[in-house]
**Student:** 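Sharing a structure below in structure tokens format, with a few things to ask.
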Amino acid sequence: MKFSMGTLELEVHFIDRHFAALINRLAKIPSPELELAAKLVSNFRERGDVCVALRAITGSDASKIGGPDIPPLHSWVRKLRASGVVGKPGEFAPLILDENERLYLQRYWKYEDELARNLRARLREHPIRDFNRTELASNLAKLFPAQSDLQKVAAFVAATSRLCVISGAPGTGKTRTIVLICALLIALAGKRDLNFALAAPTGKAAARLKETIAQTRPLLRLPGAIDEKLPADASTIQRLLGAKGDSPHFRHDAKNPLVADVVIVDEASMIDLALLAKLFDAVPPDTRIILVGDKDQLASVEAGSAFRDICTPGFELGVSVPLAETFAECTGEELGGTSASEAPIHSVVVELRRNYRFTPETGIAELSNAVNQGDAESAIAILKKGGRICWRPTPSAKSFERELRERIFPRFEKFSTLTDPADALNQLAEFTVLCALRRGPFGAETVNRLLGRMLRETGSIEDDGPYHAGEPVIIVRNDYNVGLFNGDLGIVLPDATSSELRVFFRGEDGDVLNFAPGRLPAHEPAFALTVHKSQGSEFRDALLILPARDAPVLTRELLYTGVTRVRETVEVWAAENILRQTIERKIERNSGLRDRLWKKPAGS
């Protein structure tokens, strides 16, 4: 059931209504107001919010979901407090209502509270004050020759704090910064060997981190004594913490913490609140933890946008004044672009701004910046200018298959004629189709079905089974036994010796692995990917398809993420009104984490 609540478009599901009925049955004093609040908190969590901000929706019309008009805030809060199932922060109750009238499911309030406490404790109780400034300045100068480089500032924070948060768009050198931070910490540790733990939210992101580090190391020409001590492996966060099957609990937690001196987590924007809270719970207070990601990318699929909350205070973020002063005292370098706040978190957050990947002539950096700023006029003007960014309206549903056959299928048709798996995998990384939606006439499932049918219709293969030579596939579930992970891209080709169809993937060390189709974990065709699935991947060129009708998932974050998956050219299929609405819509997930970290006074 869909309904509008002010500017909010919601779809109430079966589980929302039944959860609300259960809460009302458990209540000492049931009421329609309690049932409505429970229905909303269930619905909001499902769409990615950590809580419901009651103040923001007071006065909206809720009659369409079988509840009363939402009452004035004070009377609604009074009814909830009197129900017996809504507690204050720190109490044990099914629902928690904080002092700012944010309503949580108990466990999500606990995740947010534990993460906020862990973050603040690292800032307050475990600073590193005894570093040798002369030694630090000397090593920074060797590793970062450029003056006032923000990568150098990030490394300075990582060396002088137990917590470091680095945000940057694709191409700003985040992986290079990770390697140089490791080199700096190794140099400062002297003869003591450091235990590094590198992780990412998905197997694909972890493998890409490992691959990019391997590619970056030779370019830096570090001293042999340092280079040989650099970490070379990376894992998923779940594997690092010790996943227990389908259990939400991990082997490592506060009672059994990780053994590591430095924990570095890449693609942190993809981490949901629950997993990030469990990660911080398992990292000892004296261990450095470094979060690296892009705050402007799509948030996690599950509830929360914790990395964005940590990085974005609600004002233009520059280097904090205290950090700039400490950096200048150590290095003698003055930093510009500072911004003042009294929040301790500010001094450990660094945003990398210089882009090394996208040259001005590509227009991708220019377009992504306009999208990020919500500047639809500038973004559309850039798209209309052409060049390496092509734009045309989304075809009609009637002509969509024809357009795919004429303009897109030839890129995939050649796959069925390839015989060298390494060559095929290289070409697979050259181009992809990105869809905003999974389902619907312009969704990834439809594109995969149409392109797959075209491949079978070429006549070069027999249509006698579920797998066909030249078909790309994507793994959608981690399988540590097989060694394939969510997001891994492969291609179906005949085996050189037996001619039987095998599925080939790129291994962690760059070698080519092959599997019988029956051995694969859960997987799907991958002519087209959703933008969500493409996170952590990079392609030379891409086609980005937006649907002909507006949808809540169409946000500036989705468009930004899709556009920045490519290195050289991107073609966008979208109607101008849909583009405008997409750029003007920003993801706003309700949570209290940002207030706890950035507002004064800090939360409890």
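Heads up: numbering here begins at 1 and tracks the sequence. Computed from a prediction, not measured in an experiment: that's the story for all the values here. Hydrogens, waters and symmetry mates play no part in the numbers below; they use all other heavy atoms, side chains included.
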**Student:** Give a yes or no answer on whether the side chain of R353 reaches the backbone of A169 with a donor-acceptor pair at less than 3.5 Å.
**Tutor:**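 Side chain of R353 to backbone of A169, a donor-acceptor pair under 3.5 Å: no, none is there.
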
**Student:** Does S161 reach the main-chain N or O of C164 with its side chain, forming a donor-acceptor pair under 3.5 Å?
**Tutor:**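 Pair absent, no side-chain N/O of S161 close to backbone of C164.
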
**Student:** Can you see which heavy atom on A82 is nearest to which on I29, and at what distance?
**Tutor:**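 Reported closest heavy-atom pair: O-CD1, 3.4 Å.
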
**Student:** Can a donor-acceptor pair be found, under 3.5 Å and without considering hydrogens, that links the side chain of N24 to the backbone of S31?
**Tutor:**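 Present.
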
**Student:** Residues two or more places apart in sequence or in another chain: which of them pass side chain to side chain donor-acceptor pair (under 3.5 Å) with N100?
**Tutor:**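 Once residues adjacent in sequence are excluded, N100 has no partner under the side chain to side chain donor-acceptor pair (under 3.5 Å) criterion.
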
**Student:** Would you please test R102 and E112 for salt bridge (charged side-chain N to carboxylate O under 4.0 Å, His left out) and show each step?
**Tutor:** CA-CA 12 Å; R102 286 184 289 246; E112 183 179 284; 5.4 Å; no

**Student:** Is the closest basic N to carboxylate O distance between E445 and R449 below 4.0 Å?
**Tutor:**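 Salt bridge: no.
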
**Student:** How about R81: does its CZ atom have over 12 heavy atoms from other parts shown lying under 6.0 Å from it?
**Tutor:**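 Yes, because the 6.0 Å sphere around CZ of R81 holds more than 12 heavy atoms from other groups.
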
**Student:** If we ignore hydrogens and angles and just use 3.5 Å, is the side chain of W391 paired with the main-chain N or O of A574 as donor and acceptor?
**Tutor:**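 Such a contact is found between W391 side chain and A574 backbone.
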
**Student:** With sequence neighbours left out, write down each residue that passes ring pair (Phe, Tyr, Trp, His ring centres under 6.0 Å) with H249, or none if nothing qualifies.
**Tutor:**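 Expected list: none.
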
**Student:** Which residues pass the side chain to side chain donor-acceptor pair (under 3.5 Å) test with D294, not counting sequence neighbours?
**Tutor:**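 D294 satisfies side chain to side chain donor-acceptor pair (under 3.5 Å) with Y560 once adjacent residues are dropped.
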
**Student:** Determine whether D253 and K278 satisfy the following criterion, side-chain contact (heavy atoms from CB on, under 4.5 Å), listing intermediate values before the conclusion.
**Tutor:** CA-CA 7 Å; D253 54 20; K278 292 171 184 178; over 6 Å; no

**Student:** Would you say D488's side chain and I475's backbone share a donor-acceptor pair under 3.5 angstrom?
**Tutor:**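 No, the answer is negative, given that no donor and acceptor are paired below the 3.5 Å cut-off.
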
**Student:** To the nearest 0.5 Å, tell me how far L544 CG sits from R565 CZ.
**Tutor:**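 The distance works out to 11.5 Å.
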
**Student:** Donor-acceptor check, side chain of T446 to backbone of F442, threshold 3.5 angstrom: yes or no?
**Tutor:**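 Between the backbone of F442 and the side chain of T446 there is no qualifying donor-acceptor contact (under 3.5 Å).
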
**Student:** Quick one about T312 and R594 (side-chain donor to acceptor, distance below 3.5 Å, no hydrogens or angles considered), yes or no?
**Tutor:**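 T312 and R594 do have a side-chain donor-acceptor pair below 3.5 Å.
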
**Student:** Kindly write out the residues that satisfy ring pair (Phe, Tyr, Trp, His ring centres under 6.0 Å) with H523, not counting sequence neighbours, or none if the list is empty.
**Tutor:**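 Scan of H523 (ring pair (Phe, Tyr, Trp, His ring centres under 6.0 Å), adjacent residues dropped) gives Y467.
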
**Student:** Side chains of L103 and W76, heavy atoms from C-beta outward: is any pair under 4.5 Å?
**Tutor:**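 Not touching, per the 4.5 Å side-chain cut-off.
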
**Student:** Taking all non-hydrogen atoms of both residues into account, name the closest pair between T530 and A444 and its distance.
**Tutor:**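 Closest approach of T530 to A444, heavy atoms only: CG2-CB, 3.9 Å.
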
**Student:** Which atom names give the shortest non-hydrogen contact between R47 and N590, and what distance separates them?
**Tutor:**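 The answer is NH2-ND2, 4.2 Å.
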
**Student:** Evaluate the criterion side-chain contact (heavy atoms from CB on, under 4.5 Å) for residue pair L163 and I345; output intermediate values, then yes/no.
**Tutor:** CA-CA 9 Å; L163 174 66; I345 190 74; 4.0 Å; yes

**Student:** Between R596 and D113, does any NZ, NE, NH1 or NH2 come within less than 4.0 Å of an OD or OE carboxylate oxygen?
**Tutor:**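 Looking at D113 and R596, the cut-off is met.
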
**Student:** Could you tell me whether a side-chain N or O of Q106 sits under 3.5 Å from a main-chain N or O of A93, the two making a donor and an acceptor?
**Tutor:**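 Judged by distance alone, yes, a pair lies under 3.5 Å.
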
**Student:** Is a side-chain N or O of Q297 found less than 3.5 angstrom from the main chain of Q535, in a donor-acceptor match?
**Tutor:**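 Not a single qualifying donor-acceptor pair exists.
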
**Student:** With distance as the sole test, does W573 use its side chain to make a donor-acceptor pair with the main-chain N or O of P547 at under 3.5 Å?
**Tutor:**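 It does not hold such a pair.
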
**Student:** Excluding sequence neighbours, so at least two apart, what forms ring pair (Phe, Tyr, Trp, His ring centres under 6.0 Å) with F527?
**Tutor:**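 Testing F527 for ring pair (Phe, Tyr, Trp, His ring centres under 6.0 Å), a comparison that skips the adjacent residues, returns F412.
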
**Student:** What's the separation between atom CD1 in I237 and atom CG in L279, rounded to the nearest 0.5 Å?
**Tutor:**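 Those atoms lie 5.5 Å apart.
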
**Student:** Can you tell me if NZ on K79 sees more than 12 non-hydrogen neighbours from other groups inside 6.0 Å?
**Tutor:**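 12 or below, so no.
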
**Student:** Measure from the side-chain N and O atoms of E114 to the backbone N and O of D281, and report whether any donor-acceptor pair falls under 3.5 Å.
**Tutor:**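 Judged by distance alone, no pair lies under 3.5 Å.
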
**Student:** Does K28, at its NZ atom, have more than 12 non-hydrogen atoms belonging to other residues, nucleotides or ligands within less than 6.0 Å?
**Tutor:**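 Counting other residues, nucleotides and ligands, NZ of K28 stays at 12 neighbours or fewer.
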
**Student:** Please state whether the rings of Y108 and Y111 are parallel, tilted or perpendicular, taking 30° and 60° as the class boundaries.
**Tutor:**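 Aromatic pair Y108/Y111 classed perpendicular.
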
**Student:** Does any part of the side chain of L80, heavy atoms only, come nearer than 4.5 Å to the side chain of L54, both counted from C-beta?
**Tutor:**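 Yes - at least one pair of side-chain heavy atoms lies under 4.5 Å apart.
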
**Student:** If the condition is ring pair (Phe, Tyr, Trp, His ring centres under 6.0 Å), which residues does F92 pass it with, not counting sequence neighbours?
**Tutor:**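 Listed in chain order: nothing, the list is empty.
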
**Student:** Let me know which of V563, T564, V570 forms a side-chain contact (heavy atoms from CB on, under 4.5 Å) with V566.
**Tutor:**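 That would be V570.
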
**Student:** Apply salt bridge (charged side-chain N to carboxylate O under 4.0 Å, His left out) to the pair R208 and E267, showing each step before the final yes or no.
**Tutor:** CA-CA 10 Å; R208 177 149 180 78; E267 296 287 359; over 6 Å; no

**Student:** Assess the residue pair L209 and I264 against the criterion (side-chain contact (heavy atoms from CB on, under 4.5 Å)); give the C-alpha distance rounded to whole Å, side-chain angles, the decisive distance to 0.1 Å, and a yes or no.
**Tutor:** CA-CA 11 Å; L209 173 61; I264 302 176; 6.0 Å; no

**Student:** Does the salt bridge (charged side-chain N to carboxylate O under 4.0 Å, His left out) test come out yes or no for K295 and E351, once each step is laid out?
**Tutor:** CA-CA 9 Å; K295 64 180 177 58; E351 183 174 354; 3.7 Å; yes

**Student:** Which of these passes side-chain contact (heavy atoms from CB on, under 4.5 Å) with L546: L437, L558, L434?
**Tutor:**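 The passing option is L558.
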
**Student:** Can you tell me how far apart CG (L291) and CG (L119) are? Round to the nearest 0.5 Å.
**Tutor:**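 Reported value, rounded in 0.5 Å steps: 8.0 Å.
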
**Student:** Applying salt bridge (charged side-chain N to carboxylate O under 4.0 Å, His left out) to K88 and E99, what does each step give before you reach the verdict?
**Tutor:** CA-CA 8 Å; K88 295 179 181 179; E99 62 276 9; over 6 Å; no

